[in-house]
K.L.:
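Below: one structure in structure tokens.
Chain naming here is simple, since letters A, B, ... match the order of the sequence lines and numbering starts at 1 in each. Remember, predicted model here, so these are calculated numbers, not experimental data.
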Number of protein chains: 2
Amino acid sequence: MTKAPVVDPRRTLTLRDVSEASGVSEMTVSRVLRNRGDVSDSTREKVLHAARSLGYVPNKIAGALASQRVNLVAVIIPSMSNMVFPEVMMGISDTLEDTGLQPVVGITNYSPEREESVLYEMLSWRPSGVIIAGLEHSPAAHAMLESAGIPIVEIMDIDGTPVDSAVGISHRRAGRQMAEAIIAAGYRRIGFLGTKMPDDHRARKRLDGFREGLARAGLTLADEEYYRGGSALLKGREMTEAILKRTPDLDFLYYSNDMIGAGGLLYCLAQGIDVPGTLGLAGFNGVELLDGLPRKLATMDACRREIGIHAAEIIAGKRPTGVIGGEVIELFPKLQPGDTIRKV
Amino acid sequence: MTKAPVVDPRRTLTLRDVSEASGVSEMTVSRVLRNRGDVSDSTREKVLHAARSLGYVPNKIAGALASQRVNLVAVIIPSMSNMVFPEVMMGISDTLEDTGLQPVVGITNYSPEREESVLYEMLSWRPSGVIIAGLEHSPAAHAMLESAGIPIVEIMDIDGTPVDSAVGISHRRAGRQMAEAIIAAGYRRIGFLGTKMPDDHRARKRLDGFREGLARAGLTLADEEYYRGGSALLKGREMTEAILKRTPDLDFLYYSNDMIGAGGLLYCLAQGIDVPGTLGLAGFNGVELLDGLPRKLATMDACRREIGIHAAEIIAGKRPTGVIGGEVIELFPKLQPGDTIRKV
DNA sequence: CTGAAAGCGCTAACAC
DNA sequence: GTGTTAGCGCTTTCAG
């Protein structure tokens, strides 16, 4: 017959349990477990042995309350499903890895209301910093960010005024550059295919910039096609078919993201359309997926990983700037012409 | 000249600040903010007004410590990059949405050591439950799960013994079923293409089951090809080329996931190979991406969303079972023959 | 309906 | 090196 454990197995263990089991004061146990201060090797051994054999897991809630320190970084992004944010996340977690900080992710689904509530929820855990996508927030969200008293990094976009720091690219300029490249390659009848998402400000800014680039050459969009939801690759096929049926004389299709662009490319190839001769194509993002396509779609790299890295560095205080806030890091996406824009 | 704010703007607000600003006791403020107990409308108004105008955000750390209640659910998964887990996540968050519970995600990169440390880290925040991918864990992780004293749901796989509850499919059987379907369609020279990941136990079990299915018909794998890292779509192309060069008489390729399968399909189509006549193809997962391909890859739906939903229901206590633990929910993936297996 | 007192489990700050 | 004391900001419990 085995003896019943000394502590109720349902109750989670506390420092006191470890303290009693090891005959060392709670304070010293705490020191050992956090590798703080000087503790003799013999005491350390006793404590570690007791903690391990009991299966003690420290209570960070209590620790955080007492120390006013939380090793969490709130990361608030619109979506996880489109390949772009997972890469930002990689950059963030790799950078945070050896700082003791931990990213905690919240998803907004491009909804300002969700963003507001996710932000509120995360701030209530008093994180060490916030990394949040975009510069556009509801007034309440903006107020929360301003008064949070912790480093805030708004990522992806720098066309606007950040609350604190910002890391990203100019989507407006990216759109303009793509327009210029397309025009330089001799295309004139240009169509746009994108998402119908009023709250995707970055896609909107790219389109604005694109239109601006066209306008400078005296051009306007010859046709437009929008979608929402569903498999992006499939939507790309369908939209491409639709826009080409409606406006057969288009000589270029600019897609708001690579996934629908890839769908369009597959459609065009299947139709035997001469790409990039008769019809040029371009997307946006530089997603890895494109590498596996039969032909390389023209695109612009959105510097996703770099954005994550820089944002995390700001939060971790790794960047040289002594002062809190105010840092804006602009990254410059490279145009990757691929095989779907005519060489000039 | 504006008057300085009463409280130090750097310090975060506390209940006391709201209490003083509204002339209501901390306790009643707390009641109002949590919608607990009866509070008169007039008091409620005063409190809400004060809280809002100050921009008070409650401190959940203190709240959790005092109430011994945390509205967090730890979700521990191997990866976010392959489309399968994001869908599980959707199922989880949709289900948790109206329960007041919040998922917090940890990524292990298929590393048992990472899993152990992520689990430790998450348990130290005393979540209300744990949803964790797979049934295989290090001894230490297993011990932590067993003694956590909260509901644990192991997801994706049911070929094994769960610590507490489990929701998933039998990957072994899924592999066997695919083998049977392939054999029934008349294919005999079968190759396998997959990832070289010793810690992807589900992929291994599928392959085991697949081999078993072949063995029952007196067959063995005619060739195998493995990869790790990189763009799955591209790897699919490359591996397919490699295996067909090496063993040209293969009449079927079984891929361990849809993404490399899609790459293989694109390769075969580009080569003008007769699919499914000369060569049949199949993947695994049922990813949405496949809808956009020129031809539909045969696959099996892994019930990702359903798994997330059921797991979350168990944690939220929404399932009928009164007793804690012990529930195992098996889901049954449907074989989707698509256009890449000969009709019999 | 409202308030006062007593902790939740840990750590900062200080003694020894 | 190690122990003691006093909270962290909230909620539980119990009085009014």
K.L.:
Under 4.0 Å, heavy atoms only, any strand: does Asp38(A) hit a base, just the sugar-phosphate, or nothing?
P.N.:
base
K.L.:
Please state how far atom CG in Leu33(A) lies from atom P in dT2(D), giving the value in whole angstrom units.
P.N.:
15 Å
K.L.:
In whole angstrom, what separates Arg36(B)'s CZ from dC1(C)'s C1'?
P.N.:
17 Å
K.L.:
Quick one: do His137(A) and Glu116(A) satisfy side chain to side chain donor-acceptor pair (under 3.5 Å)? Show the steps, please.
P.N.:
CA-CA 8 Å; His137(A) 314 289; Glu116(A) 199 176 304; over 6 Å; no
K.L.:
Check every atom of dC8(D), dT13(D), dG9(D) against the side chain of Met27(B) and return the nucleotide holding the closest atom.
P.N.:
dT13(D)
K.L.:
Among side-chain atoms of Thr43(A) and Ser40(A), is any donor-acceptor pair under 3.5 angstrom?
P.N.:
yes
K.L.:
What is the separation between atom CZ on Arg16(B) and atom P on dG3(C), rounded to the nearest whole Å?
P.N.:
14 Å
K.L.:
Just to confirm, is there a sub-4.0 Å distance from OP1 or OP2 of dT12(D) to any side-chain nitrogen or oxygen of Arg34(B)?
P.N.:
yes
K.L.:
What bend angle does the helix from dC1(C)-dG16(D) to dC16(C)-dG1(D) show across its length, from five-pair end axes and to the nearest 10 degrees?
P.N.:
30°
K.L.:
So, OP1 or OP2 of dG9(C): does either fall under 4.0 Å of a side-chain N or O from Thr14(A)?
P.N.:
no
K.L.:
Considering all heavy atoms of both residues, which atom of Ser128(B) and which atom of Ile150(B) are nearest to each other, and what is their separation?
P.N.:
O-CB, 3.8 Å
K.L.:
Is Arg31(B) touching bases, backbone alone, or none of the nucleic acid, heavy atoms closer than 4.0 Å?
P.N.:
base
K.L.:
Separation of Asn71(B) atom CG from dT11(D) atom P, in whole Å?
P.N.:
12 Å
K.L.:
What is the distance, rounded to the nearest whole Å, between atom CZ of Arg126(B) and atom C1' of dT11(D)?
P.N.:
18 Å
K.L.:
Going by heavy atoms in the side chains, are Asp94(A) and Ile309(A) under 4.5 Å from each other?
P.N.:
no
K.L.:
Please report, rounded to the nearest Å, how far the C1' atom of dT11(D) is from the CG atom of Leu65(B).
P.N.:
10 Å
K.L.:
Provide, to the nearest angstrom, the distance between the CD atom belonging to Gln68(B) and the P atom belonging to dT13(D).
P.N.:
11 Å
K.L.:
For a quick test of reading the model: is some side-chain N or O of Arg69(B) closer than 4.0 Å to OP1 or OP2 of dC8(C)?
P.N.:
no
K.L.:
Verify the contact: side-chain N or O of Tyr56(B) to OP1 or OP2 of dG9(D), cut-off strictly under 4.0 Å; return yes or no.
P.N.:
no
K.L.:
Between P on dC1(C) and CD on Glu26(B), what's the gap in Å once rounded to a whole number?
P.N.:
22 Å
